[in-house]
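For ligands, and for the atoms within them, numbers begin at 1 and follow the listed sequence.
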Amino acid sequence: MGTQPGASRDATSLDAWLREGGLVVASSDRAARALLAEFHRRRRAEGLSAWRAPKLADWKTFARTAWEERNTEGRLLLNKVQELAIWSEIVRSEQHLPTALPASVRRLAAMAMEAHDLVCSYAPRLLRDEARAGWDQDAGAFSGWLSDFSKECRKSGLTSFSRVPLELIAKIREEPTQREPVRLAGFDRILPVQRELFDAWGEWQAFEPETLESERHFYSIPDGQTELETCAYWCQRQLAVHPDRRILVITQDQAQRRGEIERAFLRFGIPGQIPGFEFSLGVPLTQIPFVRSALLLLRWLHAPLSETELDWLFASGLAANHDESSALQLSMRTLRARDLQRPRWELDSFLNLAPASTLPQEWARRMISAQRSLKEQPHIQSPIGWADKAPILLTSIGWRGAAPQNSIEFQEQRRWMQAVDTAGSLGFDARRIPWTEFLSELEHAAGEILFAPQSVDAPIQIAGPAESAGLTTDAIWFLGADEESWPSVASTHPFLPLHVQREYAMPHASHLVDWEFSKAITTRLLSSAAAVYFSYPAQKGDVETRPSRLISQLAGQAGPLPHDLVTPAHNKPSAYAVEDYTTKAYSGGHLQGGSSVLSSQSQCPFKAFATARLGARGWDPAENGLNAKQRGQMLHDVLHSIWMGRPKGIKTHGDLLAIGDDDLSKFVRKHVKAVMQSSVPVQVREQMPALYLELEESRLTRLITEWLHFEKTRIAFTVETTEAKSPVTIAGLSMNLRLDRVDRLHDGSQLVVDYKTGTVDPKAWDLPRPDDVQLPLYKLFGLAPLQPSLFESYGGPASGGLVFARVRTGDTCFAGRVADAKGTIDPGLSGNSSLVKRRLTATEESAWKEYIEGLAEDFVRGRAEVDPRDYPKTCERCGLQAVCRIQEPENRERFEQQDDEQDGENFDAGE
Ligand code: SF4
């Protein structure tokens with residue numbers, strides 16, 4: 001005879017029931033663990049040293065165990081992976097267009113599984129095919145799948161867990177004997193099928209926590225971050241006064257905001273002590289480095305990994321031993337330095353291209369041997385066979401996870417083996433599958449398993465609203481109680497007719513259903529702790545929010561945060577900024593990358609120090625085709641080849657004019673072809689189709705032909721040198737400059753030309769603090785070593801010039817400074833042209849010279865302060881933020897302030 005829930009409200013009666021050996025069924029595994037912990041706490045508090053284990057099971061374990069005890073026909077209870085495999089087969093067999101892709105099949109199968117579970121839990125009579133006769137469209141398709149699923153299960157002696165309660169009801173109704181009374185705990189909602197089962201079972205009651213008259217508060221807090229910090233601060237204060245107190249924090253978006261929540265609670269933890277909080281939900285196993293590294297290693301044996309996956313794998317330290325991991329990271333850096341990066345790496349390509357000097361040979365041998373061992377396996381075999389093979393492969397590779405070092409790793413390994421066994425269980429129907437399919441199943445199985453380290457019974461428990469059922473607590477803080485989030489709403493199920501979902505009051509079938517369920521949870525929370533705090537963020541992103549109507553009804557109107565709950569200002573960081581005037585002089589001799597280092601010194605002294613002396617480098621992800629740098633290099637190479645002089649190239653303006661307009665493109669294409677033959681990196685040639693390289697060849701030919709048409713319009717000139725090396729020494733600093741091109745103009749002066757395909761502006765050379773000193777450096781220091789006898793000495797008027805050659809489709813021109821642009825470049829230039837208006841002067845040249853010498857002196861002296869020229873733009877282009885720590889709040893504030901002051905000065909000056 002069933003008893004309605006709510007009949008027992010005594011807080012201690014649950015404990016008394018358990019102590020007397022009564023059976024309790026908890027709503028979830030989490031609730032069962034919490035009740036068990038509470039039971040043991042009470043026994044310890046009574047001073048006992050040993051006691052009888054309570055009869056406590058979560059709902060699923062209870063139903064499964066009772067079913068298995070009565071499973072006389074020997075039917076197989078499907079696990080999730082097995083059931084999904086059957087649904088997938090059924091969906092795939094439909095030959096419906098959207099189901100063609102494996103990912104779509106899996107998604108549809110998972111949805112069908114959910115719909116089946118809803119039908120079993122809320123409306124089992126609809127399991128009969130005739131009861132679904134009128135279903136059409138998506139629901140009609142699902143109805144057909146459901147019939148097939150039922151047939152398959154009957155034929156093969158299989159059972160879905162969703163059907164277990166129904167089968168159990170039928171079996172226990174046939175039993176002549178009485179079953180022991182049962183008590184339920186932590187159920188916010190008793191499903192119709194559960195109610196029917198317990199009614200058939202016999203005597204049952206649902207425990208509810210003792211109803212407490214709670215103290216209720218509801219606060220409006222400016223934003224989500226402040227809300228989290230306020231909650232963490234309140235928890236800390238509660239525990240400081242009452243160390244034994246147990247606190248429950250309710251949050252609805254635990255998975256998405258986990259990192260943010262952790263940071264807020266760590267901020268108010270005691271440094272060096274174990275954090276006093278725990279999450280009720282774990283994280284998917286695939287996000288645990290231990291498991292992710294295993295999956296990547298197994299995948300790499302037969303498929304490429306992306307560049308970022310490989311970087312992560314080597315940095316994780318789990319793919320190899322410590323020394324090998326360092327060597328593998330060095331291999332990746334070396335590959336990039338040699339311009340051999342690629343977006344995806346096959347194992348074979350990596351082993352072939354990684355430099356022998358950095359590649360750990362023993363590790364390479366192990367990988368090759370594991371790969372060979374996998375290749376020697378039969379192409380298809382039972383998933384159980386693959387499940388046995390996977391750990392052997394990982395051990396032979398030297399995966400660090402094969403030998404756990406501590407308790408957490410041990411727990412992770414156990415869960416990992418659970419995932420492997422689950423994927424192996426796909427062999428239940430004697431299917432045989434290829435390795436790739438097994439690995440895909442293994443990845444899905446690992447994604448389904450949530451991992452949380454074993455509970456340490458922390459005083460602060462962080463849980464979702466529904467998962468909090470059954471947790472015992474002294475005080476509660478409920479986060480995110482805004483109108484949009486609580487009551488929580490979601491869509492109805494697309495595979496079940498709407499009228500069916502409404503008729504059986506399935507979750508989310510109507511606002512009323514959602515409202516009632518959320519109200520039941522809120523009421524349970526309000527009656528289960530002496531103090532309950534609700535809060536909501538008044539602003540979410542750019543949107544203003546309103547307080548939850550449900551909470552306002554139950555806890556009163558939201559008010560502002562009281563003064564004593566306002567969190568203290570952020571602690572000062574434990575690292576303090578100090579002005580450091582010490583310098584360490586440069587004694588490295590010859591400087592690599594000369595002109596760019598001096599430009600960096602001007603942009604930010606620390607940037608020059610970090611790149612030239614510490615070897616720090618920004619990193620651009622690899623691209624599939626040619627990257628911008630490679631394209632630019634090819635353009636330089638082609639122009640170098642064209643202006644190299646006879647026999648294949650030309651040297652003068654006259655030579656260029658001698659090539660007829662119609663022949664110019666043919667002439668250029670010849671040079672482009674030759675350069676591409678030798679310059680296209682091997683990985684681009686291997687990975688890109690031939691058509692891609694043909695298109696690239698045509699693009700380059702068009703671009704350079706257009707450029708040469710522009711050069712034809714110039715006043716006569718001779719190309720004196722291209723790609724010329726020029727050794728210089730400035731303030732004791734020796735370096736090699738490499739000049740793209742130097743032209744001898746018709747007045748005998750020299751023009752320094754630098755090819756650019758991107759956006760460039762000679763304003764970057766402007767004093768007092770240029771962003772770029774490359775061309776001034778070439779003009780004022782680089783020309784002298786090339787032809788000392790011809791070099792124009794300073795002191796007289798400026799001559800020649802320095803220009804960017806903008807080689808861009810539709811925008812070919814010179815941009816820079818020329819002493820006499822109309823007289824030496826193009827007489828047709830307009831007076832408004834910047835080449836004419838901003839002519840090169842001797843004063844500017846000598847100011848540049850002095851400035852560049854100053855930069856070299858600063859670099860040699862070791863001047864290396866963090867001082868970006870134009871914050872934040874300079875930093876945005878730099879990529880060294882992780883090294884210089886400019887993004888730390890204190891540094892950022894300082895430079896933002898300087899920037900504002902600078903803007904103010906400019907404004908005052910009328911700029
Ligand atoms: S990120 Fe900014 S501050 Fe840091 S080194 Fe680069 S330019 Fe300097």
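Interface atoms of ligand 1 facing V866, defined by a heavy-atom separation under 4.0 Å, are 3 (S). Within the listing of ligand 1, atoms 5 (S) sit less than 4.0 angstrom from a heavy atom of F606.
Atom 4 (Fe) of ligand 1 has no N, O or S atom of C604 under 2.8 Å away, backbone or side chain. For C878, the nearest N, O or S atom to atom 6 (Fe) of ligand 1 falls under 2.8 Å. Using a cut-off of 2.8 Å, one finds that C875 contributes an N/O/S atom close to atom 2 (Fe) of ligand 1.
Using a 4.0 Å cut-off between a side-chain N of Lys or Arg and a carboxylate O of Asp or Glu, R699 and E696 qualify as a salt bridge. Salt-bridge annotation for R344 and E346: absent, with no side-chain N of the basic residue lying under 4.0 Å from a carboxylate O of the acidic one. Ionic pairing of E623 and R631 is not present here: no N-O contact between side-chain nitrogen and carboxylate oxygen is shorter than 4.0 angstrom.
With a 6.0 Å radius and a threshold of 12 heavy atoms from other residues, nucleotides or ligands, E850 has its CD atom at or below the threshold.
Under the 3.5 Å distance criterion, the side-chain polar atoms of S349 are left unmatched by any main-chain donor or acceptor of W345.
Ranking protein heavy atoms by distance to atom 4 (Fe) of ligand 1, first place goes to C884 SG, 2.3 Å.
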